[in-house]
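Only heavy atoms go into these numbers, but all of them, side chains included; no hydrogens, no water, no symmetry mates. This is a predicted model, so every value here is computed, not measured. For reference, positions follow the sequence shown, starting with 1.
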Amino acid sequence: MKDIFKVAIDGPSGAGKSTIAKAVAKNLGIDYVDTGAMYRAVGYKASSRGVSPEDREAVKHLMEDTDIDFADGDIILDGEIINDKIRTPEISKAASLYSAIPEVREKLVELQKEMARKSDVVMDGRDIGTCVLPEADVKVYLTASSLVRARRRYRELTEKGIACDLKEIEQDILDRDHRDMHREHSPLVQAEDAVYLDSSDMTLDQVVDAIGRLIDQKIDGQAGGRP
């Protein structure tokens, strides 16, 4: 088996990629990289500083002075833990806008590739299997209906005490799907060699088990035994 084992999980907003990828990585005992959180961090920083996505020069300077890292399950932006600050509908919209900017994608993709060069990883996002880790050992395209994704996001936000509207959340999800699938750079598409997995009628454990079986099959075909 190769020295480095890579799992890529792509899919639209609200499909549960982060939760699933984190669980898969834990089962494997390898690193998890939440690329969506990295774009949310950029959206959070740019919004907080009043940097418009239309001001490309300002965005470029912002990225030159941005450091993003993960530690013990936390996402750290310029030395500050920002876990809860980036999990709002507003930051979700901002992440989608800034993620379409080439200068943003270039820096974050390079950071993501560097992380994957150093250790075994499970990485989730929208262009992992097609752009960031085209050589990934296992690729999954994880999705669910827009209503199911909206209900999941609604439950997540209300449990945190954040007031929200289910219909507005679903519309935001549909709008983001359109932006992500039609952006010029690295649009959201299913990699040709990715396994399509619709989780609309599946529990979290069922999805994790399904991906685990795919990984086991790949590992057995390479050398036997998990990494």
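The environment of OH in Tyr32 is crowded: more than 12 heavy-atom neighbours from other residues, nucleotides or ligands sit within 6.0 Å. In the displayed structure, Glu64 atom CD is contacted under 6.0 Å by more than 12 heavy atoms of other residues, nucleotides or ligands. Around the NZ atom of Lys26, the shell of radius 6.0 Å holds no more than 12 heavy atoms that belong to other residues, nucleotides or ligands. Heavy-atom neighbours of Lys22 NZ from other residues, nucleotides or ligands within 6.0 Å: at or below the threshold of 12. For Glu114, the CD atom counts as densely surrounded, since its 6.0 Å shell holds more than 12 non-hydrogen atoms of other residues, nucleotides or ligands.
Atoms CG and CD, from Asp175 and Glu168 in turn, are 11.5 Å apart once rounded to the nearest 0.5 Å. The CE atom of Met202 sits 10.0 Å away from atom OG of Ser200, with the distance rounded to the nearest 0.5 Å. Summarising the geometry, atom OG1 belonging to Thr66 is positioned 3.0 Å from atom NZ belonging to Lys45; distances are rounded to the nearest 0.5 Å.
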Show the numbers, then the answer: is there a side chain to side chain contact (heavy atoms under 4.5 Å, CB included) between Met123 and Leu133? CA-CA 9 Å; Met123 193 175 292; Leu133 302 178; 4.0 Å; yes
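Between Leu28 and Ile215 there is a side-chain heavy-atom pair separated by less than 4.5 Å. In this structure, Leu166 and Arg153 have side chains that are not in contact, with every pair of non-hydrogen atoms separated by 4.5 Å or more. With contacts defined as side-chain heavy-atom distances shorter than 4.5 Å, the pair Glu106/Met63 does not qualify. The closest side-chain heavy-atom distance from Thr35 to Val132 is not below 4.5 Å.
Under 3.5 Å, the side chains of Ser119 and Asp31 contain a donor-acceptor pair of N or O atoms. Between the side chains of Asp205 and Thr203, not a single donor N or O lies within less than 3.5 Å of an accepting N or O. For Ser146 and Glu170, the side-chain atoms include at least one donor-acceptor pair closer than 3.5 Å.
With Leu142 as reference, Leu197 is the one residue of Asp124, Val195, Leu197 to meet the side-chain contact (heavy atoms from CB on, under 4.5 Å) rule.
Between the side chain of Lys6 and the main chain of Val121, no donor-acceptor pair closer than 3.5 Å is present. Of the possible donor and acceptor atoms, none in the side chain of Arg149 sits under 3.5 Å from a partner among the backbone N and O of Ala15. No side-chain donor-acceptor contact under 3.5 Å links Ser199 to the backbone of Ala144. Counting only distance, with no hydrogens or angles, the side chain of Ser47 and the backbone of Tyr44 share no donor-acceptor pair below 3.5 Å. No side-chain donor-acceptor contact under 3.5 Å links Glu90 to the backbone of Ala94. With Arg40 contributing its side chain and Gly43 its backbone, the two residues share no donor-acceptor pair below 3.5 Å. Looking only at distances, a side-chain donor or acceptor of Asp120 sits under 3.5 Å from a matching main-chain atom of Phe5. Looking at Asp34, its side chain does come within 3.5 Å of a backbone N or O of Ala37 through a donor-acceptor pair. With hydrogens and angles disregarded, no donor-acceptor distance shorter than 3.5 Å links the side chain of Arg176 to the backbone of Ser13. A donor-acceptor pair under 3.5 Å links the side-chain atoms of Asn83 to the main chain of Ile75, judged by distance alone.
Connection of Ile9 to Val189 is not established within any shared hydrophobic cluster, with ILVMFWY side chains joined at heavy-atom distances below 4.5 Å, either directly or through further cluster members. By the rule that hydrophobic residues join a cluster once side-chain heavy atoms approach within less than 4.5 Å of another member, Val207 and Val148 end up as members of separate clusters. Under a hydrophobic-cluster definition in which Ile, Leu, Val, Met, Phe, Trp and Tyr are linked whenever side-chain heavy atoms come within less than 4.5 Å, directly or via other members, Ile169 and Ile162 are assigned to the same cluster. In the hydrophobic clustering of ILVMFWY residues, with side-chain heavy atoms under 4.5 Å counting as a link, Val7 and Val33 come out apart. Hydrophobic cluster membership differs between Met115 and Val138, with clusters built from Ile, Leu, Val, Met, Phe, Trp and Tyr side chains linked at under 4.5 angstrom.
The other members of the hydrophobic cluster of Met181, by chain and number, are Tyr141, Leu188, Tyr196 (side-chain heavy atoms under 4.5 Å, ILVMFWY only). Other residues sharing the hydrophobic cluster of Ile76, ordered by chain and number and joined by side-chain separations under 4.5 Å: Ile81.
At a threshold of 4.0 Å, the pair Asp172-Lys167 does not count as salt-bridged, since none of the basic side-chain nitrogens sits closer than that to a carboxylate oxygen. Salt-bridge check for Arg126 with Asp180: passed, with a basic side-chain N closer than 4.0 Å to an acidic carboxylate O. Looking at Glu156 and Arg87, no side-chain N of the basic residue comes within less than 4.0 Å of a carboxylate O on the acidic one, giving no salt bridge. Using a 4.0 Å cut-off between charged side-chain N and carboxylate O, Asp10 and Lys17 make no salt bridge. Taking a cutoff of 4.0 Å between a charged side-chain nitrogen and a carboxylate oxygen, Asp137 and Lys218 do not qualify as a salt bridge. Under 4.0 Å is where a charged nitrogen must lie from a carboxylate oxygen, and between Glu110 and Arg117 at least one such pair does.
What you find for Arg183 and Pro187 is that their closest heavy atoms are O-CB, 3.5 Å.
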